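Before any comments, here is the structure.
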2 protein chains.
Amino acid sequence: MTTRLHPNISVDCVIFGFDFEKLNVILVERVLKDPVTGEEIISDFTLTGNHIYVDEHLEDAAKRVLNDLTGLDHIYLEQFYTSEDPARLKSPKDQLWLSKTGKNPEERVISVCYFSLLNCKETPIRKKDRKVGWYPVSNVTNLGFDHSQILAHALHSLQIKIQNEPIGYEMLPQKFTLSQLQKLYEVVFNVEFDKRNFRKKVAKMKYLIPLDEKQKGVSHKPARYYIFSREVYEKTKTDMLNFSV
Amino acid sequence: MTTRLHPNISVDCVIFGFDFEKLNVILVERVLKDPVTGEEIISDFTLTGNHIYVDEHLEDAAKRVLNDLTGLDHIYLEQFYTSEDPARLKSPKDQLWLSKTGKNPEERVISVCYFSLLNCKETPIRKKDRKVGWYPVSNVTNLGFDHSQILAHALHSLQIKIQNEPIGYEMLPQKFTLSQLQKLYEVVFNVEFDKRNFRKKVAKMKYLIPLDEKQKGVSHKPARYYIFSREVYEKTKTDMLNFSV
DNA sequence: CCAAAAGTGTTCAACTTACACCCATGT
DNA sequence: ACATGGGTGTAAGTTGAACACTTTTGG
């Protein structure tokens, strides 16, 4: 394994997180100051990403990015899109940033994009040299590079995927309440559900298993905890079929 | 625009076609003969693809592949996956093929994959130097390179996509019958539908417009023709919502 | 005792499924 | 006349949508 970075191939990670209230995404601040005046020439945000090593699995490169940020392994990771417009890094701002950070702004870079799912509350973010944090997806505007489009793609892919596979549990703690699960679906799709109808719906999902354990220390009727059983899911899943358009 | 091919980036096209009976895919024969004995050292099939030019849009590269094969422009094209395992072209067979066809077998190639949709009956295939043709998807086994996995990915993506957008019409002639439409969905999902229930379902789709025109020259009751109206579709489409797992 | 979220059922409308026969055409 | 696929309706069961009150806890 060589350690040379590939000049033309990168990965970008759209790291989604749920905090029981909103859908969030990890962004990195991108600030460039004029060395003389101290004025901020660039001040915006981007997704997290990296060039790959020339003979590295792209998924491993994405895991590197994730591990650098969170210290975690085994994070849910899904390739969803490859951004490749030859002009995608050609805006004056992006060109300036690339030259000031030691990249060659002439090089074409295609970026294979992954989304990840995390529970914000259980994920410490290691802020290294640059400012990194969770930001509500609904507030995000004008990211650097073409990252706004990548984020839009990612959200759409997440919506499609979560309809067909039980991946939402990746954004919840192991034990969760039905209200938390409902809120998760609500923020992912940006809709509201009726509590009773939602509960009737999930009651049919046999892989959602109620525990004899309730919330403690909450100043209202404590909610029952549930767990997701992948084992039951794999045994009972049935292929979807429903062409709805 | 330079005309140098990028050594590390290619596109592969999974070209699906419907012939009113089966779902087909265009494959290219890959034959390598021993120059002395004439024995066939390699004899299998692959998808169609090509390296990109260094500053070419990947979608344009895919369009080149499609235009070379069919002479057509404006073919439905959808990026669905990027194949990237550093070892994806490392099997002895693939290495042999690469060296015998003037490629450097050491180079890592990542391939951005697109699927296209066509009506077989309206698509002439230009067979140039190599043998190219339509093959039933259900019979395909053991393609060269990692193309079997790419095809499986493509079929899955097609199934997901066709559930959420009316892209099936790309595989039908402009005027089609309801039985043809039904057969299309049946072969894409590999299931059978009840004729009456299918018709009730599509009757709700306002963008399926019946014509005052029927089949001619068929030895049975002639079927009414329908067209797909994109205009009506765009006006009436509603966002899907149904997390079914 | 108050605030806060948990939990629970019924009714009506819409949709899904299963199922069988006559029709228009070419040969 | 016959073979072929086109075209149609109904009843039963299931699912989806709308809607309000009681319960349990902490403060």
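None of the values given here were measured: they were computed from a predicted structure.
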Among [options], the one nearest [X] by side-chain distance:
| X | options | answer |
| --- | --- | --- |
| A:Pro222 | C:dT8, D:dT25, D:dA17 | D:dT25 |
| A:Ser219 | D:dG26, C:dT25, C:dT8 | D:dG26 |
| A:Lys221 | D:dG6, D:dT10, C:dG7 | C:dG7 |

Can you tell me the distance, in whole Å, between the [atom1] atom of [X] and the [atom2] atom of [N]?
| X | N | atom1 | atom2 | answer |
| --- | --- | --- | --- | --- |
| A:Tyr225 | C:dG7 | OH | C1' | 16 Å |
| A:Gln180 | C:dA6 | CD | C1' | 12 Å |
| B:Asp194 | D:dT8 | CG | P | 14 Å |
| B:Glu192 | C:dT17 | CD | P | 15 Å |
| A:Gln215 | D:dG26 | CD | P | 11 Å |
| A:Lys195 | D:dT22 | NZ | P | 14 Å |
| B:Phe20 | D:dG6 | CZ | P | 12 Å |
| B:Lys216 | C:dT27 | NZ | P | 15 Å |

Subject >> Pairwise 5' ranking along DNA chain D for A:His220 and B:Leu178, keeping only the more 5' one >> reply: B:Leu178
Original post:
Hey, is the side chain of A:Lys183 poking within less than 4.0 Å of OP1 or OP2 on C:dA5, counting only N and O atoms?
Top reply: no
Subject >> Side-chain N,O (B:Arg199) to OP1/OP2 (D:dG7) below 4.0 Å >> reply: yes
Original post:
Are B:Leu47 and B:Phe145 close enough, and set up right, to give a side-chain contact (heavy atoms from CB on, under 4.5 Å), and what steps lead you there?
Top reply: CA-CA 9 Å; B:Leu47 299 169; B:Phe145 307 121; over 6 Å; no
Original post:
What about B:Lys200, does its side chain sit under 3.5 Å from the base of C:dT17 through a donor-acceptor pair?
Top reply: yes
Original post:
What about B:Arg196, does its side chain sit under 3.5 Å from the base of C:dA20 through a donor-acceptor pair?
Top reply: yes
**OP:** May I ask you to say what B:Ser179 touches in the nucleic acid, namely base, sugar-phosphate or nothing, with a heavy-atom cut-off under 4.0 Å?
**Re:** sugar-phosphate
**OP:** Just call it for A:Arg224: base, sugar-phosphate, or nothing, with non-hydrogen atoms closer than 4.0 Å on any strand.
**Re:** sugar-phosphate
Original post:
Any side-chain donor paired with an acceptor under 3.5 Å for A:Ser111 and A:Ser83?
Top reply: no
**OP:** Would you tell me whether A:Asn119 and A:Glu122 have side-chain atoms, one donor and one acceptor, within less than 3.5 Å of each other?
**Re:** yes
Original post:
Is B:Asn67 reaching over with its side chain to a backbone N or O of B:Leu72, donor-acceptor style, under 3.5 angstrom?
Top reply: yes
Original post:
Taking 4.0 angstrom as the limit, do B:Asp94 and B:Arg30 come out as a salt bridge?
Top reply: yes
